[in-house]
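Report on one structure; see the data block that follows.
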Amino acid sequence: MNRPVLAAIDTPERSGAAAHWAAAEALRRGAPLRLLHAWPNSGNGDQLLLADLREAARRMLDGLADELRAAHPGVEVATSVVAGAAVDALLRAATECELLVLGTRGLGGFHGLLVGSVSLSTVGRCDTPVVLVRAEMPPNPRAAQHAVPRDAVPEVVVGLDPQVPAGPVLDFAFEEAARRGAPVHVVHGWETPPTYNYGYAAGWVPSQEDRRLLETLATRLVSDALAPWREKYPQVLVVEDVRAGGAAGALVDAAGEAALFVVGRRDRSLGVGPRLGPVAHAVIHHAPAPVAVVPHA
């Protein structure tokens, strides 16, 4: 059996949409689903009260598990309440799972997401791919089907820098697309090389021909970078989207009918704090669909 999909549960109101998304993903993967609630027990305080609160957390998880089994027939759901700080507990549990799913408190649309410190710290440190799901997404997948036009084709949108090796990111995106029967929409936002800035400072402006040449080069690099994945996943339709401008803006602007955004997170050896790059950070705050952050070397 495949390793489980892990969904972090705070409350049903804040984590319900993420739990439903995780249940549907577990079915797509043929994997069990694990619901986890981290219990920040310091060992102090009234032990009877703490026991009552732990029991309330278990009842909450059991109720959510029953709801998921009813909405997603066939999904295998297990629950656990663990002691410890939320980030540390999630990082430990994620090492045994294929995917970690977190809920976020969203503002909706393109106005931005309110991504809390727990989510950002977990995404920045987790060695397992993490998916962030807005709380405002319809919790029931049947309701979600009516949120887009009937003839819309959901896409898996992935950002690509062809000059940065990021095989795990493309592997994740293409696997998700294959499971969903969806196209992969590959977005690359190209910018003029840094050496051009000297020309800008002197008042030089690139001609239309210069820009066409740069775009042609960027398109060729993207096509070459995708060749191994086109061969590996011949059944997946690939849409190459090369745009002028920054990578983060290009990704969010390419939303369309996105079912999922996929971005990479380089594994940097920083001492403390999240290790999110600017593109991943911007996309998880502004993308209108769930965002998968995939770590890579």
Side-chain angles (χ1 to χ4, degrees), residues 3-26 29 31-69 72 75-106 113-137 139 265 270 272-276 280-281 284-285 290-295:
R3 296 198 305 170
V5 172
L6 175 66
I9 306 300
D10 182 1
T11 66
E13 294 75 21
R14 287 197 286 262
S15 305
H20 278 275
W21 191 96
E25 181 66 16
R29 291 170 174 252
L33 172 65
R34 179 185 176 191
L35 306 180
L36 183 144
H37 178 80
W39 179 257
N41 184 6
S42 63
N44 301 321
D46 188 317
Q47 294 303 309
L48 289 177
L49 176 59
L50 292 174
D52 287 343
L53 292 174
R54 283 195 297 271
E55 183 58 31
R58 291 191 181 96
R59 289 197 301 270
M60 179 265 291
L61 286 184
D62 289 342
L64 180 57
D66 289 340
E67 177 185 323
L68 295 175
R69 293 185 187 103
H72 308 271
V75 68
E76 178 186 331
V77 187
T79 64
S80 57
V81 177
V82 298
V87 174
D88 293 337
L90 290 173
L91 293 176
R92 284 195 302 270
T95 61
E96 302 173 355
C97 299
E98 288 291 322
L99 186 69
L100 170 60
V101 183
L102 302 175
T104 62
R105 298 164 292 151
L113 304 181
L114 293 173
V115 182
S117 59
V118 169
S119 294
L120 284 178
S121 295
T122 303
V123 172
R125 294 167 54 191
C126 191
D127 293 329
T128 299
V130 181
V131 176
L132 295 159
V133 180
R134 283 193 291 119
E136 284 71 19
M137 290 184 63
R265 174 183 66 78
L270 297 183
V272 294
R275 296 175 293 181
L276 285 174
H281 195 278
I284 67 174
H285 277 82
V291 178
V293 182
V294 182

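For the single chain, residues carry numbers from 1 onward in sequence order.
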Is there side-chain contact between [X] and [Y], with at least one heavy-atom pair below 4.5 Å?
| X | Y | value |
| --- | --- | --- |
| Thr104 | Ile284 | no |
| Leu90 | Leu102 | yes |
| Arg3 | Cys97 | no |
| Ile9 | Met60 | yes |
| Thr128 | Glu98 | no |
| Arg58 | His37 | no |
| Asp88 | Arg125 | yes |
| Leu64 | Val77 | no |

For a quick test of reading the model, state the closest non-hydrogen atom pair linking [X] to [Y] and the distance between them.
| X | Y | answer |
| --- | --- | --- |
| Thr122 | Leu100 | CG2-CD2, 3.5 Å |
| Ala22 | Val101 | CB-CG2, 3.8 Å |
| Ala7 | Ala19 | CB-CA, 4.5 Å |
| Asp127 | Pro295 | O-CG, 3.4 Å |
| Val5 | Ala26 | CG2-CA, 4.0 Å |
| Thr95 | Arg92 | OG1-O, 2.6 Å |

Return yes if some donor-acceptor pair links the side-chain N/O of Arg265 with the main-chain N/O of Cys126 below 3.5 Å, else return no.
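Looks like yes, one N/O pair under 3.5 Å.
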Do the side chain of Ser15 and the main chain of Asp10 share a donor and acceptor less than 3.5 angstrom apart?
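Yes.
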Salt bridge between Asp66 and Arg69, side-chain N to carboxylate O under 4.0 Å?
yes
Let me see the working for Arg29 and Leu99 under side-chain contact (heavy atoms from CB on, under 4.5 Å), right down to the final yes or no.
CA-CA 10 Å; Arg29 291 170 174 252; Leu99 186 69; 4.1 Å; yes
